[in-house]
2 protein chains.
Amino acid sequence: MSTGVNLKELAAELKLSPSTVSRALNDSYEISEATKKKVISMAEKLNYQPNPFARSLRENKSKTIAVVIPERMSSFFSKVVDGIEEITQQHGYHLLVYSTHEDVDREKKIVNLLMNGRADAIIMSVSSQTSDISHLTRLHERGFPLVFFDRICTDIPTTKFITNDYESGFEGTKHLIQQGCRKIAFLMLSKELSITKDRYRGYLDALKQAGLSPEPQLNITCCQEEEQNVEAIRQMLMSPDRPDGILSSVEKLALATYHAIKRTDLKIPDDLKIISFFSNLSIASLLHPSLTTITQPAFSIGEECAKLLMKKLTKPRQPDLPNQIITIPSKITIRSSTIAV
Amino acid sequence: MSTGVNLKELAAELKLSPSTVSRALNDSYEISEATKKKVISMAEKLNYQPNPFARSLRENKSKTIAVVIPERMSSFFSKVVDGIEEITQQHGYHLLVYSTHEDVDREKKIVNLLMNGRADAIIMSVSSQTSDISHLTRLHERGFPLVFFDRICTDIPTTKFITNDYESGFEGTKHLIQQGCRKIAFLMLSKELSITKDRYRGYLDALKQAGLSPEPQLNITCCQEEEQNVEAIRQMLMSPDRPDGILSSVEKLALATYHAIKRTDLKIPDDLKIISFFSNLSIASLLHPSLTTITQPAFSIGEECAKLLMKKLTKPRQPDLPNQIITIPSKITIRSSTIAV
DNA sequence: TTAAAATACGGAAACGTTTGCACACATTAT
DNA sequence: ATAATGTGTGCAAACGTTTCCGTATTTTAA
C-alpha cells in the first residue's frame, strides 16, 4: 500500500512550510486567500489525503462512532444502523459496527476494546443476557459518550431512545382482548431486558383492566436455538389450557409461532390470534395469514441517536449527554392474524 | 473523555524507560522475564490501554477492515458480515461497515474516503448501479488489498469469492422445466452485475437444452421502489403471454412476486412456479406456499474473505492477493412453490 | 514620522507509540 | 589477562498532523 503524498511533501512542492499548508487546508483566518487557493489546487492535483491517524493522535478524536447491536440479521437493527449512518456520514464520521450475538461476554470484550479511544462514542442496544452492567457503568463514568436505544440500561445516567413500549404492550393486548381472546400468552427475549419489562407491564395492565389474570405457563422466554423456540411454543399450543392469543415482543418468536402452528391443526386467527413487535413490514403482510404488527420507527431511532451525538461531538463546548429517556411512538398495523372470526 | 494512563506514565511508575515497557508489553526477546512480569502486572493494575492511533501512525496499519455492501437489510449480506466478523475478531481486527444503498455515487465516495489508510483492506460487493469501476481500479492499482464477494468486478485482478451462479441458474431453470414450466421469466437486479450475467447464462442454457427460447418480455429488472417492482411483476402476470415459471435472482423480487400474485387470481404453484436465490431460510419456509430456494453459503463466504485477508495482513511478507475466483457452491432446497400439480 | 496593530507565514513542540542504535555490565572464549 | 560475545536497558528518532509561539513585513493610528 503506497501511501500517497503527505503534508510535508505537499509543502515542499509549494515552497511553503507544513504549518502554513495545514492552516490553508483547514481554512484558517491567518492565511491569505491567494495562498489558500494555491494550496488547495496543489493538494487536489497531488491528491493529498490527510492521514487520519496522525490527525486523531493530535486532536484526540477519531471521527468514528461504534455501534453495538445484539444481532445483524434483524430488520430492526439493520434499519437503526442505516439511520445512524445517514446522519453520521453527513458529518464525515465512520461507523464501527459490532454484533454481540446476544452474548454478554462478547459484549464485555467489545466494550472493553472500545475504551482505548478508537471510537468517540458508542451507540448500543444491550444483549438479552446483559444483567451485570459494570462494563458499561465503567465506560460511562470515564466520561465516554454513550447512548442507548431500545434495549437500554436504565441505571446509567445518559440519554436513551426507546419506543412507547408500555403503551404498545397495553394496546396490543387490548386489541387481542377486543378480538375475543381470553387466554393471552406473552413471548419474550429475556426477563432482564428493559423492553421486556415495559411491554410486559402493558400486557399485565391490559389483562387486569379486562378482568383477566395472567397465567405463568403462558410466558415463554426465547433461547438462541430457533428449533427449541418452535418446540416450546408448539408444546404450549398443544397443552389443554392453550392460549387463544399471543403477544410476541420479539420478531423471531412471531416467526417461531408461525412455524409451530404449522405443526398443529390449529389455525390463525380462528384458534389463535397473534400480534407481534415486527419491523419487516414486507414480510409481515406476506405471512399467511398476514401478521398484525407493532412497528418501531427503527430508522428514526437511529437518526435521533446520531443527531444527538453529532451535536455533542461536533459543536465546541457541549454538556454531557443528559440523563433522559426519549420516546418515539411505534405504530400498530392490524392485519389478518388478529381478525375475529 | 479522560484518556487513561499512557506508556510514559506507566514507565515512570515502574522506573523504567518507555522503550523497555513497550518491548516488555510486546513480549520482545530483549527483555528479561522478571521485568516483563512486573510491567505486565503494573499495566493491568493501571489499566493501561495503548493508544490505537499512535500505534497505527507508527506502524502504518490500522487493524481495521472496511466492509462495503449494497444494503444492510438483507439476510445474505448480514450473514456475510457476521462471517467476516467471526474471523477478524479473532485477530483483533475491527470492522468499518458501509452501505452504498445500491448507489454508485455513494460507493465512490466511500471508496475514496478509504484511500487514506483508515482501513487496511476492503471487502466489498458492488452496487447494482456500478458499471464504471475506475474508483476501484485506482484503489487496486495503489496496492490497496481488495477482495470482492458475490457481486464482483471481473476486470480487477484480485481474489473474488462467488457461488456457482451459472450452475445455480441452470439447475434452477432446469428444475422449473422438469416441473412443467414452458415460459420462464427471469428477474434480476441489473444487467451489469456479475451475478446477473452468470445466472442468466445458466438460465439461457437450460432453456436452450430444453428447446425453449427466451422471451424478452419475460425479463424484469429491479428498481429501488418496492411498489414499482410489484406492479411490474403484476403487469407481466396479467399479460396474455404470462410466464408459468419464475427464476428470481434476487431475494427482494421473489417477495415482490408473492406480493404481486396476491393482487391476481393466480395461484402458486398451480399457475406459476417460482424459485429464487434466497438467504432467509426461516422466511422461505413460512411463505405461502413455501418457497423453493437457492441458498448461498453467506456466512462461509464472509469467513473465507476474512481468512484470506487475515493471512495477507498478519503474516510477515505475503504476496499480493492472487487474481482468482473462488467458488463456493449454493444449495437448492425444493419446497412447495415449484411442486408440479 | 513613529509607534502600534494587523497580516501572513515559519519553526518547533506535541500527541503516544515503536524501534534502531548505543551502552553498561556480565559471561564466556582465547 | 584480554577480547569477544551476550544480555538487559535507555536515548532519541520517526510516523503525519495541528497549533503555540515568534517574527518579518505591511498597514493603521497618533
Side-chain angles (χ1 to χ4, degrees), chain A residues 1-40 42-43 46-64 92 115-120 314 316, chain B residues 1-40 42-43 46-64 92 115-120 314 316:
Chain A
M1 174 60 189
S2 68
T3 169
V5 63
N6 65 20
L7 195 64
K8 211 183 297 178
E9 293 160 358
L10 177 58
E13 195 69 30
L14 285 158
K15 298 191 196 310
L16 287 171
S17 82
S19 51
T20 303
V21 176
S22 172
R23 275 186 274 246
L25 291 173
N26 292 329
D27 201 29
S28 163
Y29 70 98
E30 298 182 285
I31 306 297
S32 71
E33 289 305 319
T35 41
K36 274 185 193 173
K37 285 232 200 285
K38 264 187 285 186
V39 169
I40 289 171
M42 180 62 83
L46 300 188
N47 189 31
Y48 166 71
Q49 304 269 18
N51 182 308
F53 305 117
R55 186 174 272 178
S56 290
L57 179 59
R58 176 61 217 235
E59 307 225 283
N60 199 28
K61 57 182 179 180
S62 60
K63 286 225 158 200
T64 302
M115 290 218 292
N116 61 11
R118 189 176 285 269
D120 296 338
T314 62
Chain B
M1 172 62 189
S2 67
T3 170
V5 64
N6 66 19
L7 196 63
K8 211 183 297 180
E9 293 161 358
L10 177 58
E13 194 70 29
L14 285 157
K15 297 192 197 308
L16 286 171
S17 82
S19 50
T20 303
V21 175
S22 171
R23 276 186 270 249
L25 291 174
N26 292 329
D27 202 28
S28 161
Y29 72 99
E30 301 180 284
I31 306 297
S32 72
E33 288 306 318
T35 41
K36 274 186 193 173
K37 285 233 199 285
K38 263 186 288 186
V39 169
I40 289 171
M42 180 61 83
L46 300 188
N47 189 30
Y48 166 70
Q49 304 270 16
N51 181 309
F53 305 119
R55 186 174 273 178
S56 290
L57 179 60
R58 174 62 216 234
E59 307 224 284
N60 198 30
K61 56 183 180 180
S62 60
K63 285 224 159 201
T64 301
M115 291 219 291
N116 61 9
R118 190 178 283 270
D120 296 339
T314 61

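By convention in this document, chain letters (A, B, ...) are assigned in the order of the sequence lines, proteins followed by strands, and residues within each chain are numbered from 1.
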For Asn60(A) and dT17(D), give me the distance from atom CG to atom P, rounded to whole Å. 18 Å

Keeping Lys36(A) on the side-chain end and Ser28(A) on the backbone end, is there a donor-acceptor pair under 3.5 Å? yes

Whole angstrom is fine here: how far is it from OH in Tyr29(A) over to C1' in dT19(D)? 11 Å

Counting side-chain heavy atoms from C-beta on, which of dT18(C), dG16(D), dC9(C) comes nearest to Leu16(A)? dC9(C)

Choosing from dG16(D), dT18(C), dT9(D), which nucleotide comes nearest the side chain of Thr35(B)? dT9(D)

Between the main-chain N or O of Arg118(B) and the side-chain N or O of Ser62(B), is there a donor-acceptor pair closer than 3.5 Å? yes

Terminal axes of the helix from dT1(C)-dA30(D) to dT30(C)-dA1(D) (five pairs each): angle between them, nearest 10 degrees: 50°

Would you mind reading off the distance between Phe53(A) atom CZ and dT18(D) atom P, rounded to a whole angstrom? 15 Å

Of Ser32(B) and Ala54(B), whose closest DNA chain D nucleotide lies nearer the 5' terminus? Ser32(B)

To the closest 0.5 Å, what do you measure between CZ (Phe53(A)) and CG (Asn116(B))? 7.5 Å

Could you please name the option among dC11(D), dC9(C), dT17(D) that lies closest to any side-chain atom of Ser17(B)? dC11(D)

One should read off an interatomic distance between Ser22(B) OG and Ile31(B) CD1, to the nearest 0.5 angstrom, of 9.0 Å

Whole-Å distance separating the CD atom of Glu33(A) from the P atom of dC9(C): 11 Å

Roughly how far, to the nearest 0.5 Å, is CD of Glu30(B) from CZ of Arg23(B)? 5.0 Å

Whole angstroms only, please: what is the NZ-P distance between Lys61(B) and dT18(C)? 11 Å

Nearest-0.5 Å distance that lies between atom CG in Asn51(A) and atom CG in Asn60(B): 7.5 Å

Gap between atoms NZ and C1', on Lys8(B) and dG10(D) respectively (whole Å): 14 Å

Counting heavy atoms from C-beta on, name the nucleotide in dT18(C), dA8(C), dG16(C) closest to the side chain of Asn6(B). dG16(C)

Quickly work out the Leu57(B) CG to dA14(C) P distance and round it to whole Å. 17 Å

Polar side-chain atom of Ser56(B) near backbone of Pro52(B) as donor-acceptor pair, under 3.5 Å: yes

Rounded to whole Å, the CG-P distance (Asp27(A) to dT18(D)) equals 13 Å

Sugar-phosphate only, base, or nothing, as touched by Glu9(B) at under 4.0 Å among non-hydrogen atoms: nothing

Heavy-atom closest contact (Ala11(A) atom, Ser17(A) atom, distance): CB-C, 3.8 Å

Under-3.5 Å N/O pairs linking protein and nucleotides 19-21 of chain C:
{"unit_1": "dT19(C)", "atom_1": "O4'", "unit_2": "Arg58(B)", "atom_2": "NH2", "d": "3.2"}
{"unit_1": "dG20(C)", "atom_1": "O6", "unit_2": "Arg23(B)", "atom_2": "NH1", "d": "3.3"}
{"unit_1": "dG20(C)", "atom_1": "O6", "unit_2": "Arg23(B)", "atom_2": "NH2", "d": "3.1"}

Can you measure from OG1 (Thr20(A)) to NZ (Lys15(A)) and round to the nearest 0.5 angstrom? 14.5 Å

